[in-house]
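For reference, the structure discussed in these notes is given below.
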Amino acid sequence: MHSYKQLERILNEQCNVTSGDGGAVVQVKAPREIPSNSLQNPSDPDAAYSGHKGQGYQVQIMETYVATDDDTVREKTLNLITHVQVEPAHESDANALLPAVSATKEIGLAPREILADSLYGSDENCQKAEESGVQIIAPTMGGRKENTLCLSEFETSANGDIVSCPQGHAPKAVKKKKTRHTAVFDSSHCNGCPNHGQCPIKSGKQNHYLRYTEKELRIAKRRAYEQTDAFKDRYRWRSGVEATMSEYDRRTGAKRLRVRGLKAVRFCATLKATGINFLRAVAVWIALNPDTDDGKPGGRFLNHAFLIIKEQFSRKWRSLKTGFWSRAPKMSICLKY
């Protein structure tokens, strides 16, 4: 029955079945018509496909960091992976941030701010994370149009109304309907303005009007903030997670797992992240205790820690290997952050 259902899924997702005089006709769909969450491997029905990452799964990781260039402080500060989430490869990064915030909040590890790529930093994510007391520091998607004035160059009040234009002229009236704002400007000012060709204010029958939403204003202010030294100084620490991705793959082999199924892959990915945390904790302990014999390079403490961790993991793994182990082709894992 399981094999029949898999075959039925393949036909529904990757083929067009039509009835003809001679019976059913099966035609393979064009690649662009096949959904990314279609069956990729009959032996691993949870795996999906991404045009950028290929077949398999992806791992979303969040870690702590210390914002200092002092190598001594960094060496003695423990930074840990606080969240690991395994997803099929087709899932969008934009949907991974809020579950990560909720998961870390449940275990008492919710961050005050998160540095992330632009895909994670959508306006919706930023607003909902702020409701949970978390600030998202991420570049906005897209870019500012060249040779045009931005909404951020207009002076605004706390509730989002326009106070004055870049030339210092106040609007004749301001209106708001739900989340949409309208500022009415005197045409005598706008017609002779030196920024007339670059300004987003549009002419009307009697006046000139600037119409915008609260979302457009928030994004405009974020884009303006991205150009400041303050943003660049805060956001530069995000690149540190690239080293974590490399460490996670290089030291644990997380990109090539010998298991199948979402549950098994999640189990392995979480154990490997736990192993990274153990190794980091040992390194910090050694940095904080440089005068002990166990703290010296090659000391007994590091070797003993490795043996304990290896033995515990091996014991658990032997009891689960029967259900999870497979000789099928390995599935690739894409690391995300």
Practice task
Starting from the C-alpha separation in whole Å, work towards a yes-or-no answer on side-chain contact (heavy atoms from CB on, under 4.5 Å) for Ile61 and Met245.
Solution key: CA-CA 9 Å; Ile61 285 180; Met245 296 299 103; 3.9 Å; yes
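- Residues Pro139 and Phe231 share a closest heavy-atom pair of N-CZ, 4.2 Å.
- Few gaps surround CD on Glu33; more than 12 heavy atoms of other groups in view lie less than 6.0 Å from it.
- At least one donor-acceptor pair under 3.5 Å links the side chain of Ser50 to the backbone N or O of His52.
- In terms of hydrophobic clustering, with Ile, Leu, Val, Met, Phe, Trp and Tyr side chains grouped at heavy-atom distances under 4.5 Å, Val265 and Ile276 are assigned to a common cluster.
- Here the shortest heavy-atom pairing between Thr64 and Asn79 reads OG1-CA, 3.2 Å.
- A cation-pi arrangement, defined by a distance under 6.0 Å to the six-membered ring centre and an angle within 45 degrees of its axis, is absent between Arg222 and Tyr225.
- Between the side chains of Asn37 and Glu91, not a single donor N or O lies within less than 3.5 Å of an accepting N or O.
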Exercise for the section: Using the salt bridge (charged side-chain N to carboxylate O under 4.0 Å, His left out) rule, take Asp69 and Arg74 through it: C-alpha gap first, then chi angles, then the decisive distance, then the call. Expected result: CA-CA 8 Å; Asp69 290 318; Arg74 293 171 65 87; 5.6 Å; no
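- For the pair Glu214 and Arg180, the salt-bridge criterion is not met [side-chain N within less than 4.0 Å of a carboxylate O].
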Problem - Stepwise side-chain contact (heavy atoms from CB on, under 4.5 Å) test for Leu151 and Arg223 - result: CA-CA 10 Å; Leu151 269 176; Arg223 284 179 178 156; over 6 Å; no
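- Residues Asp70 and Thr68 bring no donor and acceptor atom of their side chains to less than 3.5 Å of each other.
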Exercise for the section: Evaluate the criterion side-chain contact (heavy atoms from CB on, under 4.5 Å) for residue pair Arg9 and Lys5; output intermediate values, then yes/no. Expected result: CA-CA 6 Å; Arg9 180 181 172 186; Lys5 288 186 175 295; over 6 Å; no
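- The one candidate from Asp123, Thr213, Thr140 that meets the side-chain hydrogen bond (donor to acceptor under 3.5 Å, both in side chains) condition with Arg218 is Asp123.
- Taken to the nearest 0.5 Å, the NZ atom of Lys272 stands 12.5 Å off from the CZ atom of Arg251.
- At least one donor-acceptor pair closer than 3.5 Å links the side chain of Asn191 to the backbone N or O of Ser187.
- Counting heavy atoms from C-beta outward, Thr77 and Tyr65 have side chains that stay 4.5 Å or more apart.
- A continuous path of ILVMFWY side-chain contacts below 4.5 Å connects Val134 to Leu97, so both sit in one hydrophobic cluster.
- Within 6.0 Å of NZ in Lys105 there are 12 or fewer heavy atoms belonging to other residues, nucleotides or ligands.
- The 12-atom threshold is not exceeded at CZ of Arg112, counting heavy atoms of other residues, nucleotides or ligands nearer than 6.0 Å.
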Handout entry: Pair Val59-Gln85, side-chain contact (heavy atoms from CB on, under 4.5 Å): steps then yes or no
Key = CA-CA 6 Å; Val59 181; Gln85 178 61 40; over 6 Å; no
